[in-house]
Amino acid sequence: MSYVDEVIESVVAKNPSEPEFHQAVKEVLESLRPVIEEKEEVYRREALLERIVNPERQFKFRVPWVDDKGQVHVNTGYRVQFNGAIGPYKGGLRFHPSVNLGIIKFLGFEQVFKNSLTGLPIGGGKGGSDFDPKGKSDREIMAFCQSFMTELCKYIGADTDVPAGDIGVGGREIGYLFGQYKRIRGVYEGVLTGKGLTYGGSLARTEATGYGLLYLTEELLKLNGIELAGKTCAVSGSGNVAIYAIQKAHQLGAKAVTCSDSTGWVYDPEGIDVEALKEIKEVKRARLTEYKKYRPNSEYHEGRGVWSVKVDVALPCATQNELLLDDAKQLAANGCIAVCEGANMPTTLEATEYLQQNNVIFAPGKAANAGGVATSALEMSQNSERLSWTFEEVDAKLQQIMVNITHNMNDAAKRYGQEGNYVMGANVAGFEKVVNAMMAQGIV
Ligand code: NDP
């Protein structure tokens, strides 16, 4: 049996109830097959793949907190420090009832290669909790965040592990987490990114993942001789990534006509109104049913459906496994030219294969949504030098990073004779740097 197959089999056997983690490992190792087979003997002797698929360490802890009525609740907290070969662990915290160790491991594993792709010195990690922030008061969110950080603060630090936001963790949660870290540890340091602008945050961090997605999409289309301006896009999600993806799409001359949340989706043929969406989601924290009040000509539909709209470009920005094989078929049949992932692993493996086989340009999340973590690393740099850069400075750096990622993944795919296979290109480009650093640092 080949080394790749052996390792995939052992990951499945040793982590039986973690399907998302299996999926991520399969996607990466399968696409790296030619690279690994070239050096199979050395990698096998060094147990390199076994080390790559095993987190350096993982923490699982109890998070007790008290609600507004005095009732005590207990959630589970996680932090997985996956690979620190090229820098301090870096990766978001997700608060969502679906969170379990397998999901955090899949995200942490992806993060290792994504962070490497940015060209910045950051290792990969991820964390979170099965806590559901929906319907909680600010006081309850604060109580949870404080309890979560009371334990997490033992394992993180500005030079060891620097978490950020993810699903369910935005500016409000980062503020409460930072306050508690500072109170317990007694140090004012850049231990979290995505901070508010008054206490060490970076301009353009909020916008970075969505903006970065569009910078990469524009460059990738350009490499394929296509202009983004004038194209119609379907976006899923209505959170941080989706909102700023829609905004940047409009700024670049494209038109985003959909958005969604976990209960339904909106079609606005004139283009999604970003200000209305921000008010609904960031201020009122309400459902998308509200959108029609702002834009009477739009349609609201219950359930899933954004991928049924005829568009040129699809930008999944909600969550994992939200673009299925049937969606891929429908997009391709409708003439969609590109799918670029704003979320982490939103496209299933079968859907990805179908898109690639049907000549739809496909950019994987680890490249396409790397703008968030890249700008987080820029926030770390600003914290270290105790300076703040202007919005334009950060945005220009972000744009350059996304352009570099696009070319690096394109070149890496070409080197292995698989031009246009950006899944492979992104994995190879991310993998090579991590592996070189691991080999240089010995058996650790
Ligand atoms: P938010 O919490 O701000 O928004 C998430 C959006 O996705 C919401 O509209 C939410 O709807 C929807 N959603 C979440 N879970 C589900 C589900 N199970 N089914 C349907 N819809 C769902 O998160 P972000 O925008 O920050 O993150 C979105 C994705 O992007 C995630 O995959 C995340 O890992 C990834 N990402 C985020 C980065 C960042 O900087 N924020 C960086 C890189 C990747 P509802 O409000 O109804 O729950």
Side-chain angles (χ1 to χ4, degrees), residues 20 24 90-99 103-104 106-111 114-115 117-118 124 126-128 130-135 163-174 192-194 201-202 204-213 216 235-247 258-266 272 277-278 280-282 284-291 302-307 315-324 340-347 364-379 398 402:
E20 292 85 0
K90 181 98 200 79
L93 297 171
R94 175 176 293 192
F95 292 169
H96 192 272
S98 64
V99 164
I103 288 191
I104 298 299
F106 121 61
L107 290 163
F109 183 70
E110 289 279 303
Q111 196 82 44
K114 179 192 304 188
N115 292 3
L117 259 181
T118 65
K126 198 81 188 187
D130 57 359
F131 172 72
D132 187 359
K134 278 204 194 95
D166 190 75
I167 291 179
V169 179
R172 173 181 60 169
E173 291 76 15
I174 293 289
L192 291 158
T193 56
S202 172
R205 172 62 189 94
T206 307
E207 295 84 353
T209 308
Y211 278 21
L213 171 65
L216 178 134
V235 174
S236 65
S238 51
N240 174 265
V241 180
I243 288 174
Y244 295 99
I246 294 169
Q247 187 172 72
T258 68
C259 63
S260 65
D261 63 15
S262 44
T263 49
W265 61 284
V266 163
I272 297 290
L277 190 59
K278 276 167 112 174
I280 296 165
K281 286 293 170 183
E282 291 178 348
K284 296 185 177 167
R285 297 184 188 272
R287 311 305 314 165
L288 276 179
T289 39
E290 292 274 307
Y291 186 83
E302 288 289 324
R304 308 175 65 246
V306 285
W307 313 128
L315 303 169
C317 297
T319 191
Q320 65 269 8
N321 294 329
E322 50 152 327
L323 198 160
L324 314 176
C340 300
E341 297 185 321
N344 283 313
M345 213 168 70
T347 317
K366 76 168 66 66
N369 69 33
V373 73
T375 309
S376 276
L378 300 179
E379 183 174 331
L398 167 66
M402 298 314 292

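As the structure lists them, so they are numbered: ligands from 1, and atoms in each ligand from 1. When a residue number appears, it is its place in the shown sequence, counting from 1. Please read all numbers here as calculations on a predicted model, not as lab measurements.
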For [X], the ligand 1 atoms whose distance to one of its heavy atoms is below 4.0 Å:
X	result
Ser260	9 (O)
Lys134	45 (P), 47 (O), 48 (O)
Thr209	38 (C), 39 (C), 40 (O), 42 (C), 43 (C)
Arg94	31 (C), 32 (O), 33 (C), 34 (O)
Ala343	29 (C), 30 (O), 32 (O), 35 (C)
Gly168	2 (O)
Gly237	9 (O)
Arg287	47 (O)

Is [X] near ligand 1, meaning one of its heavy atoms is under 4.0 Å from it?
X	value
His96	yes
Met345	no
Gly165	no

In Å, rounded to the nearest 0.5 Å, how long is the span from [atom1] of [X] to [atom2] of [Y]?
X	Y	atom1	atom2	result
Leu288	Lys281	CG	NZ	4.5 Å
Phe109	Lys114	CZ	NZ	13.0 Å
Gln320	Ile103	CD	CD1	4.5 Å
Leu378	Ser202	CG	OG	6.5 Å
Gln111	Asn344	CD	CG	7.0 Å

For Glu110, is there an ion pair with Lys366 - N to carboxylate O distance below 4.0 angstrom?
yes
Evaluate [X] for polar contact with ligand 1, using N/O atom pairs at a separation under 3.5 Å.
X	answer
Asn344	yes
Gln320	no
Thr263	no
Asp166	yes
Ser262	yes

Donor-acceptor contact present, side-chain [X] to main-chain [Y], <3.5 Å:
X	Y	answer
Asp130	Phe95	no
Glu322	Ala318	yes
Asn369	Ala343	yes

Heavy atom under 4.0 Å from ligand 1: found in [X]'s side chain, backbone, both, or neither?
X	result
Glu322	neither
Arg205	side chain
Ala164	neither

Under 3.5 Å, is there a donor-acceptor pair between the Ser260 and Arg304 side chains?
no
Note to self: Tell me whether atom 10 (C) of ligand 1 lies less than 4.0 Å from at least one protein heavy-atom position.
What the structure shows: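 It does not; no protein heavy atom is within 4.0 Å.
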